[in-house]
There are 2 protein chains.
Amino acid sequence: MKSPAVTDSRRDILRTAARLFQERGYEATSMQDIASALNLSKGALYHHFQSKDEILFEIMNHGLDVFDEEVLDVVRQIPDPVERLRACIARHIGMLLRGRDREITVILHENRTLPSRLRKRINARKRSYIHFLEDTIQAVQSRLGTKNEIHPRAAAFALLGMINWVYQWYRPDGSLSEEKLIRDYTTIFFDGLTANQ
Amino acid sequence: MKSPAVTDSRRDILRTAARLFQERGYEATSMQDIASALNLSKGALYHHFQSKDEILFEIMNHGLDVFDEEVLDVVRQIPDPVERLRACIARHIGMLLRGRDREITVILHENRTLPSRLRKRINARKRSYIHFLEDTIQAVQSRLGTKNEIHPRAAAFALLGMINWVYQWYRPDGSLSEEKLIRDYTTIFFDGLTANQ
DNA sequence: CGGTCACCTGACCGACCGGTCGGTTGGCGG
DNA sequence: CCGCCAACCGACCGGTCGGTCAGGTGACCG
């Protein structure tokens, strides 16, 4: 077990690095940039992490930890598939918008920059979320007895795309509130643009 | 007017650079990488372009030219908003999947890497597409007399997200055909997951 | 009080970056 | 056959990158 001080400084580095990676991109952010932002020397970073890659990997892993905790673990408890999917949409969007350290954004954007060994481990975790969405969508379809033949995987990726794209354009200080965004996205996914409700 | 040879070698460079940028990312691709892939010296690249930034900018500009030509110019001719939107979805996805040089993918991914002067010009062109989508969606809503209050901008970005995310996961050699993908995406956006048709 | 260890500094390394430059080449117009 | 010039080469520039390392410092422990 590591001392709290150790994990604290590690977490500080990860938070700052995540912010910089999100603002400038991974490749465009140097270790010196990260060190300067923390009032540290570059060498000090290498006391806590073996490499720049490890920092990125830990950012993503921690982001996925938080995601599992605040989204998946909660919505899995909901037995009704329709309500489960609704809650999932709301919580996923909420996390994306309120995540202070933007780890999720880094996960989305720096997909291919990780060396393949580490990337595989991250992708495996992502894939389990995809499967959860696919299963839930299929349950929703048979529950509501829909007669269309929408491929659950296509629907899962469509939903993921809708939501994950939000970070590219949404600004919290704009005219569109988070609640309205969630409501509209949920309506579109379940009932489409032409919904009458 | 430039000679065909000049534009030819420029286009070759842009195509190869676009492929590399898409595979490894802009910052992770060096001018030497581009030159080697073309069996050229690095200096030769600077005979055709002033800077690496200019190459990225021209890739994006050309990608948007093709997009305007193959998507927007065609679907704008369609008077009925519903049919216009359907055609737009189909053509947008088709372009994304069949675009040989992946310029569109580069446009989507390397948003923030351009210096702000050039980025503004690219973003202005993107914004005009957003406005087109918003207007069409609003026309669809009033045409079908939908009673919901989905914000046209939210719907436009949801649609964009669904479609643009495709490049992150879709593989043409998988079990999901392009036609099926277009059909499912169109159904989801117009009628939702619970569509009965 | 002396020793140890986590934490950190700052100088340093070789590789490589984007970009430049003087010079070569080969095909084409006159 | 000459002269020209776009296209290209390869050495080179200053600077920055990720990463290393010897050493300093201060808190804690016996």
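Letters A, B, ... mirror the listed sequences (proteins, then strands); counts begin at 1.
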> In terms of the angle between their ring planes, are A/H92 and A/Y129 parallel, tilted or perpendicular, with boundaries placed at 30° and 60°?
Replying inline: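 It falls in the tilted class, 30° to 60°.
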
>> Students often mix this up, so state it plainly: with edges at 30° and 60°, are the rings of A/H109 and B/H109 parallel, tilted or perpendicular?
In response: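 Because their plane-to-plane angle is under 30°, the rings of A/H109 and B/H109 count as parallel.
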
> Between A/R84 and A/P79, is there a donor-acceptor pair closer than 3.5 Å when you use the side chain of the first and the backbone of the second?
Replying inline: yes

>> So that I can tick it off, tell me whether A/R183 and A/E179 are bridged by a salt bridge, with the cut-off set at under 4.0 angstrom between side-chain N and carboxylate O.
In response: no

> So, is B/H47 close to the D/dA7 phosphate, meaning a side-chain N or O under 4.0 Å from OP1 or OP2?
Replying inline: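 Yes, within the criterion.
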
> Is there a side-chain polar atom (N or O) of A/H48 under 4.0 Å from OP1 or OP2 of C/dA6?
Replying inline: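 So the side chain of A/H48 is outside the cut-off, no N or O lying under 4.0 Å from OP1 or OP2 of C/dA6.
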
Using whole Å, report how far [atom1] of [X] lies from [atom2] of [N].
X: A/D12; N: C/dC8; atom1: CG; atom2: P; result: 10 Å
X: B/L45; N: D/dA6; atom1: CG; atom2: C1'; result: 15 Å
X: B/D8; N: D/dA6; atom1: CG; atom2: C1'; result: 14 Å
X: B/L38; N: D/dA7; atom1: CG; atom2: C1'; result: 14 Å

> Taking atom CG of B/L160 and atom CD1 of B/I163, what is their separation to the nearest 0.5 Å?
Replying inline: 6.5 Å

>> Would A/K126 pass as a cation-pi partner of A/F67, given that its NZ or CZ must be under 6.0 Å from the six-membered ring centre and within 45 degrees of the axis?
In response: no

> Which nucleotides of nucleotides 15-20 of chain D have their base under 4.0 Å from a protein heavy atom (B), which only their sugar-phosphate (S), and which neither (-), written as one string 5' to 3'?
Replying inline: --SBBB

